[in-house]
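All figures in this text were calculated on a predicted structure; none of them were measured in a lab. Hydrogens, waters and symmetry mates are skipped; everything else that's a heavy atom, side chains included, is used.
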Amino acid sequence: MSTNYMKPYDVEIDKYAIILANREYWDDFSFEWSGFHSMDEKLIHLAGFVNLGGDLLWVIKNYAKGRSRDYRFCIHGSIRHYLFRLISEHLPKEERQKDNSWIRIMFLDREELVDLLSEELKRKVKYDLKTVRTDGGIDVIKSWYVEKPVVYDDTVLASIERRHKQSYPDESTEDLKRRYEQWFSDCMF
């Protein structure tokens, strides 16, 4: 059956992880980032992996292994692009004014950042069932899409922030400043 519906990759999880461990997904300054799949297609691919039980942190670490600082520096920027699309991009003006997630994510450590991406992928990447005509009759397929947010919802981010505060009860203002500045000058991965 030939359709142009976006869908997750249909491969074993180990092969899936290898497909995702490349510049197209983690280097927002590369040609590959915008040269092959749209943002929504990448999000659907990532969500398919996460929904199969895949570990995005392992994928990212595998991608980062042996790469120079310049390449590793782009990873958290790529994650930020994904999160912007999932949390904020299509919000109406009134709701967008409530959105401060783009700053709040800068205070998360790398594991928390990847947890946030994984959870938002599970919540926002969905599918509808569609019937399509084929040479052999009619098939039912999953038509995947990325839900456009209409209300600002920071439920997942707030939950991760609460866990962060429990894990780091003695975190100082200096620690927070270092984490914030890491976004602009250092590699998280």
Side-chain angles (χ1 to χ4, degrees), residues 8 13-14 16-17 20-21 25-28 39-40 42-67 69 71-92 94-127 146-189:
I13 198 156
D14 293 343
Y16 210 143
L20 297 179
Y25 294 91
W26 309 111
D27 184 350
D28 61 340
M39 174 65 77
D40 283 3
K42 288 190 277 190
L43 290 169
I44 289 167
H45 295 158
L46 292 168
F49 179 72
V50 169
N51 287 328
L52 286 173
D55 181 355
L56 278 183
L57 185 58
W58 183 90
V59 169
I60 294 168
K61 286 180 179 179
N62 192 43
Y63 167 76
K65 192 182 324 178
R67 294 199 184 264
R69 179 194 175 283
Y71 288 105
R72 290 182 290 114
F73 184 74
C74 293
I75 296 169
H76 64 274
S78 300
I79 294 171
R80 190 172 182 187
H81 285 294
Y82 293 141
L83 290 171
F84 174 73
R85 170 64 181 91
L86 294 167
I87 297 171
S88 308
E89 185 174 21
H90 296 285
L91 287 174
E94 320 74 64
E95 291 296 314
R96 200 173 328 118
Q97 291 173 344
K98 300 174 189 176
D99 180 16
N100 61 359
S101 62
W102 57 279
I103 292 175
R104 292 164 58 195
I105 66 172
M106 293 183 197
F107 296 103
L108 302 177
D109 65 29
R110 70 181 186 177
E111 289 80 9
E112 293 163 339
L113 185 63
V114 175
D115 284 347
L116 176 61
L117 176 58
S118 296
E119 292 304 313
E120 289 294 344
L121 286 165
K122 290 177 192 174
R123 284 181 359 132
K124 304 283 178 62
V125 178
K126 302 177 178 190
Y127 65 85
V146 179
E147 181 179 65
K148 293 180 180 178
V150 292
V151 175
Y152 176 60
D153 179 1
D154 68 344
T155 308
V156 175
L157 178 55
S159 173
I160 290 172
E161 287 172 327
R162 279 192 298 278
R163 285 194 318 249
H164 178 92
K165 287 178 183 174
Q166 290 171 348
S167 298
Y168 303 100
D170 299 327
E171 190 168 47
S172 69
T173 303
E174 289 303 313
D175 294 331
L176 292 173
K177 284 180 186 176
R178 271 193 299 279
R179 189 165 286 131
Y180 175 80
E181 290 173 4
Q182 184 177 26
W183 272 89
F184 304 105
S185 62
D186 202 1
C187 299
M188 292 180 75
F189 295 92

How many angstroms lie between [atom1] in [X] and [atom2] in [Y], if you round to the nearest 0.5 Å?
X	Y	atom1	atom2	value
Lys126	Ile44	NZ	CD1	13.0 Å
Phe84	His90	CZ	NE2	8.5 Å
Ile160	Leu116	CD1	CG	4.5 Å
Leu43	Leu86	CG	CG	5.0 Å
Glu171	Leu176	CD	CG	4.5 Å
Glu111	Ser118	CD	OG	11.5 Å

Problem set entry | Donor on one side chain, acceptor on other, His76 and Gln182, under 3.5 Å | no
For this session: Establish, from distance only, whether the side-chain atoms of Asp175 and Ser172 form a donor-acceptor pair under 3.5 Å.
Result: yes
Exercise. What orientation do Phe184 and Tyr180 show, parallel under 30°, tilted 30 to 60°, or perpendicular over 60°?
Worked result: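 Phe184 and Tyr180: perpendicular rings.
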Exercise. Taking His45 for the side chain and Leu20 for the main chain, is one N or O donor matched with an acceptor at less than 3.5 Å?
Worked result: no
For this session: Check for a donor-acceptor pair, side chain of Trp26 on one end and backbone N or O of Tyr71 on the other, with a separation under 3.5 Å.
Result: no
Provide the closest heavy-atom pair for [X] versus [Y] in the form atom of the first, atom of the second, distance.
X	Y	answer
Ala64	Arg72	O-CD, 3.5 Å
Phe73	Asp186	CD1-O, 3.0 Å
Ile103	Phe107	O-CD1, 3.6 Å
Asn62	Ala21	ND2-CB, 3.9 Å
Pro149	Pro92	O-CD, 4.4 Å

Problem set entry | side-chain contact (heavy atoms from CB on, under 4.5 Å) between Trp183 and Arg80, intermediate numbers included | CA-CA 10 Å; Trp183 272 89; Arg80 190 172 182 187; 3.8 Å; yes
Problem set entry | Single hit among Leu117, Leu121, Val59 for side-chain contact (heavy atoms from CB on, under 4.5 Å) with Val50 | Leu121
Are [X] and [Y] packed together at the side-chain level, in the sense that at least one heavy-atom pair is separated by less than 4.5 angstrom?
X	Y	answer
Ile75	Met188	no
Asp109	Arg179	yes
Ile60	Tyr25	no

For this session: State plainly whether the residues Asp99 and Arg96 are in salt-bridge range, i.e. N to O under 4.0 Å.
Result: no
For this session: Just do the side-chain contact (heavy atoms from CB on, under 4.5 Å) check on Leu83 and Leu113 with the steps written out, would you?
Result: CA-CA 9 Å; Leu83 290 171; Leu113 185 63; 3.8 Å; yes
Problem set entry | Cation-pi check, Arg85 onto Tyr82 ring (under 6.0 Å, within 45° of axis) | no
Do any side-chain atoms of residues 150-158 form donor-acceptor pairs under 3.5 angstrom with protein atoms, and if so which ones, sequence neighbours left out?
| from | atom 1 | to | atom 2 | distance (Å) |
| --- | --- | --- | --- | --- |
| Tyr152 | OH | Asn100 | OD1 | 3.3 |
| Tyr152 | OH | Arg104 | NH1 | 3.1 |
| Asp153 | OD1 | Thr155 | N | 3.0 |
| Asp153 | OD1 | Thr155 | OG1 | 2.3 |
| Asp153 | OD2 | Arg123 | NH1 | 3.0 |
| Asp153 | OD2 | Arg123 | NH2 | 3.2 |
| Asp154 | OD2 | Arg104 | NH1 | 2.7 |
| Asp154 | OD2 | Arg104 | NH2 | 3.2 |

For this session: Give the intermediate values and the outcome of side-chain contact (heavy atoms from CB on, under 4.5 Å) for residues Leu57 and Phe189.
Result: CA-CA 9 Å; Leu57 185 58; Phe189 295 92; 4.0 Å; yes
For this session: Not counting sequence neighbours, which residues clear salt bridge (Lys or Arg N to Asp or Glu O under 4.0 Å) with Asp55? List them please.
Result: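 For Asp55 there are no salt bridge (Lys or Arg N to Asp or Glu O under 4.0 Å) partners, ignoring immediate neighbours.
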